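First comes the structure, then the notes that go with it.
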Protein chains: 2
Amino acid sequence: MSIRSQLLKGILDGCILSVIADESVYGYELSKKLQQVGLSDVSEGTIYPVLLRLQKNGMIKGEMRPSASGPNRKYYDITEQGEEALEIIQEEWDLLVGPVSQLLQGGETP
Amino acid sequence: MSIRSQLLKGILDGCILSVIADESVYGYELSKKLQQVGLSDVSEGTIYPVLLRLQKNGMIKGEMRPSASGPNRKYYDITEQGEEALEIIQEEWDLLVGPVSQLLQGGETP
DNA sequence: TTTTTCTATCTTGTATAACCAGATAGTGAT
DNA sequence: ATCACTATCTGGTTATACAAGATAGAAAAA
């Protein structure tokens, strides 16, 4: 397993919520978008379980829509609950990044 | 489980390695240090298993030394292998922080 | 002296999460 | 027909963090 995948743990939900909050997307599209953004090794086998879990927890809603070129797509939209959760994740992320980056940059511990 | 603890996943090894790379520490001291730095809810029940795992994987070496005031302490030092692993974690962290922060900051996906 | 408090390490059990590999299926091009 | 691309989902495996508690030495307070 790559180290990258370990680092992803726990942040992936936030990333996916964030993309969905910005616009309606379906899973396959989402995986391409995350790869474009720089999260290059997030595969479908990882994304679909996350989407199902987020839906089960009421963070997002899924809706099947036909596609003009290919199989049906399941578009997801964020819920109110999902928006609240996303805000908390954003705050927690900001609180975490500072200390961790400073530690890893070899900053002396006081 | 708190969202914070989810975010910690995968980064904790790097944080601990980083502190040990800076100086010899024992577990109890390490937990205090991490709390000071801002990783406030990292308890001993979390840290000791990580230390044992890192040692088992050859990233750090432990050595028991007596204490003038209290029980014996097990000091840990980083190994060459640990330093190499830490460098990779640092690089991966830098690659991850940018995209994730931008996503969470509500940046539009292209 | 006894009790409490602080220091210090480790284990067991539990919940969550990400991944690999593969199944399933529609559409369009060669 | 066959291949390639789009699209979703599942099962089994492994890694990880955490809570709670067991164990124990040393010093201060009662």
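Protein chains get the first letters and strands the later ones, always in sequence-line order, with residue 1 at the start of each. A quick note: this is a predicted structure, and the numbers were derived from the prediction, not measured.
Partners of B/Ser43 under the side chain to side chain donor-acceptor pair (under 3.5 Å) rule, at least two apart in sequence or in another chain, do not exist in this structure. Scanning for salt bridge (Lys or Arg N to Asp or Glu O under 4.0 Å) contacts around B/Glu63 gives B/Arg65, with sequence neighbours left out. When the ring pair (Phe, Tyr, Trp, His ring centres under 6.0 Å) test is applied to B/Tyr26, the partners found at least two apart in sequence or on another chain are B/Tyr75. Partners of A/Glu91 under the side-chain contact (heavy atoms from CB on, under 4.5 Å) rule, at least two apart in sequence or in another chain, do not exist in this structure.
Using a 4.5 Å heavy-atom cutoff, the side chains of B/Ile11 and B/Glu92 are not in contact. Taking the side chain as every heavy atom from C-beta outward, B/Leu34 and B/Ile16 approach each other to under 4.5 Å. Using a 4.5 Å cut-off on side-chain heavy atoms (C-beta onward), B/Asp13 and B/Arg53 make contact.
Contact annotation: A/Thr46 reaches the phosphate of C/dC19 (side-chain N/O to OP1 or OP2, under 4.0 Å). In this structure, B/Tyr26 does not reach the C/dT9 phosphate: none of its side-chain N or O atoms is under 4.0 Å from OP1 or OP2. Applying the 4.0 Å criterion to OP1 and OP2 of C/dT9, one finds that B/Tyr28 has every side-chain N and O outside that range.
Ranked by how close their nearest DNA chain D nucleotide is to the 5' end, B/Val50 and B/Glu44 are led by B/Val50. Annotation: of the two residues near DNA chain C, A/Pro49 and B/Glu29, the 5′-most nearest-nucleotide partner is B/Glu29.
Nucleotide C/dT9 holds its C1' atom 12 Å from the CD atom of B/Gln55, rounded to whole Å. Here the C1' atom of nucleotide C/dT16 and the CG atom of A/Asn57 are 11 Å apart, to the nearest Å. One atom, NZ of B/Lys32, and another, P of C/dT9, lie 11 Å apart when rounded to the nearest Å. One can place CD1 of A/Ile47 at 14 Å from C1' of D/dT6, the figure rounded to the nearest angstrom.
Applying the side chain to side chain contact (heavy atoms under 4.5 Å, CB included) test between B/Tyr76 and each of B/Leu30, B/Leu51, B/Leu54 identifies B/Leu51 as the sole match.
Contacts between residues 73-83 of chain A and DNA chain D, defined by a heavy-atom separation below 4.0 Å, involve A/Arg73, A/Lys74, A/Tyr76, listed by number.
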**OP:** Treat primed atoms plus P, OP1 and OP2 as sugar-phosphate and everything else as base, then score nucleotides 24-30 of chain D 5' to 3': B for base contact with protein heavy atoms under 4.0 Å, S for sugar-phosphate contact only, - for none.
**Re:** BBSS---

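Under a 3.5 Å cut-off, the side chain of A/Ser31 and the backbone N or O of A/Glu44 do not form any donor-acceptor pair.
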